[in-house]
Amino acid sequence: MLDTAHDQSAADSNMKLEDYLIPGLPPSFYYIPNFISASEEAYLLTKIHSSRYVNLSRRRLQVYPTQLTPQNVLLSATSMPSWLAEPICQRFDALKVFEGTKHGAANHCLVNEYEAGQGIMPHEDGGAYSNVVATVSLGAPIVLDLWEKSTDEEGQQKGRGRPRHRILQEERSLLITKGEAYEVLLHGISERHRDVGLKEGSGGELGDDECEQPAINWELLGDKEAFVDGVLQRKTRVSLTFRDVLKVSKMGQKLFGKR
């Protein structure tokens with residue numbers, strides 16, 4: 001049993017999601033530092049077994065409770081594992097993170113592991129999910145880059161040039177993307193070993209692949225002192241990305257409750 005009696009997280013029954021809105025972005029991004037405690041983080045990392053990872057070109061991936069079909073249907077005889085449901089999904093419910101989505105709750109989780117220097121190209125999450133994404137960061141901070149959508153000569157959407165905004169995701173934090181923010185921006189993680197200029201006016205000489213765009217959620221950070229020089233030296237980071245899959249098999253509907 002997880003003992004959190006002497007451990008601290010920001011989550012409590014009086015939290016209001018609107019208090020964590022990131023200003024200056026399309027509606028709505030929310031950032032909650034210390035969403036889970038250090039002991040909860042350590043426990044979660046023990047449950048993510050290396051043997052379950054699938055190696056991709058720039059990261060490692062696990063999927064819970066199961067992969068979607070080619071038709072983007074969630075087929076599963078099991079619900080979300082208890083170690084993900086408690087306390088994370090319970091806190092989502094308390095904050096009404098998935099209120100108004102197809103099933104009113106997260107029913108799918110991607111576990112991604114990024115080593116320093118790894119990332120993912122600009123993308124959008126697509127039509128398989130309701131327009132809410134909730135991501136918990138474990139192990140180390142990361143910088144999420146945001147691009148306004150643009151098209152190439154063939155009409156394909158892509159991110160171009162340096163990102164329009166950057167969000168600094170501390171370890172144990174929660175980042176929520178809802179509504180218009182889900183639809184009008186591309187997001188990705190640049191492949192680099194460090195990020196600079198995260199604090200306004202921190203300066204420093206930029207490398208060819210570096211971007212000096214202050215973290216737009218700076219005022220919401222839990223520990224600004226850790227980034228007082230505006231620099232993040234990347235380490236291995238694990239993300240838990242929760243979504244509500246729109247199409248659930250009849251077997252899945254019995255487990256997830258609707259609808």
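Looking at heavy atoms from C-beta onward, L221 lies out of side-chain contact with D223 at the 4.5 angstrom threshold. Between L186 and H123 the shortest side-chain heavy-atom distance does not fall below 4.5 Å. Using a 4.5 Å heavy-atom cutoff, the side chains of F242 and L174 are not in contact. For the pair Y182/V132, no side-chain contact is recorded, criterion being any heavy-atom separation below 4.5 Å from C-beta on. Between E148 and L185 there is a side-chain heavy-atom pair separated by less than 4.5 Å. Residues Y30 and D19 form no side-chain contact, since every pair of their non-hydrogen atoms from C-beta on lies 4.5 Å or further apart. The side-chain heavy atoms of R234 and R194, taken from C-beta on, include no pair separated by under 4.5 Å. A heavy-atom distance below 4.5 Å is not found between the side chains of N72 and L246.
No donor-acceptor pair under 3.5 Å is formed between the side chain of D244 and the backbone N or O of S130. Side chain of Q118 to main chain of E115: a donor-acceptor pair is present (N/O by atom type, distance under 3.5 Å, no hydrogens or angles). Checked by atom type and distance alone, the side chain of E41 pairs as donor or acceptor with a backbone atom of G139 at under 3.5 Å. K178 contributes a side-chain N or O that, together with a main-chain N or O of V97, makes up a donor-acceptor pair within less than 3.5 Å.
K247 NZ: 12 or fewer foreign heavy atoms inside a 6.0 Å radius.
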**OP:** Determine, stepwise, if the pair I88 / I36 fulfils side chain to side chain contact (heavy atoms under 4.5 Å, CB included).
**Re:** CA-CA 8 Å; I88 292 177; I36 60 173; 4.3 Å; yes
**OP:** Could you walk me through whether W83 and Y64 pass the ring pair (Phe, Tyr, Trp, His ring centres under 6.0 Å) test, one step at a time?
**Re:** CA-CA 11 Å; W83 55 271; Y64 295 92; 5.2 Å; yes
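We find that R192 and D195 are joined by a salt bridge, their nearest charged nitrogen and carboxylate oxygen being less than 4.0 Å apart. With salt bridges taken as basic N to acidic carboxylate O contacts below 4.0 Å, one links D125 and R243. Comment: E40 engages R91 in a salt bridge, judged by a side-chain N to carboxylate O separation of less than 4.0 angstrom.
L56 and Y114 fall into different hydrophobic clusters, where Ile, Leu, Val, Met, Phe, Trp and Tyr are joined by side-chain heavy atoms under 4.5 Å apart, directly or via other members.
Relative ring orientation between H108 and Y129 is described as tilted, the plane-to-plane angle lying within the 30° to 60° band.
Exactly one residue among R59, Q62, R60 makes a side chain to side chain donor-acceptor pair (under 3.5 Å) with E113. That residue is R60.
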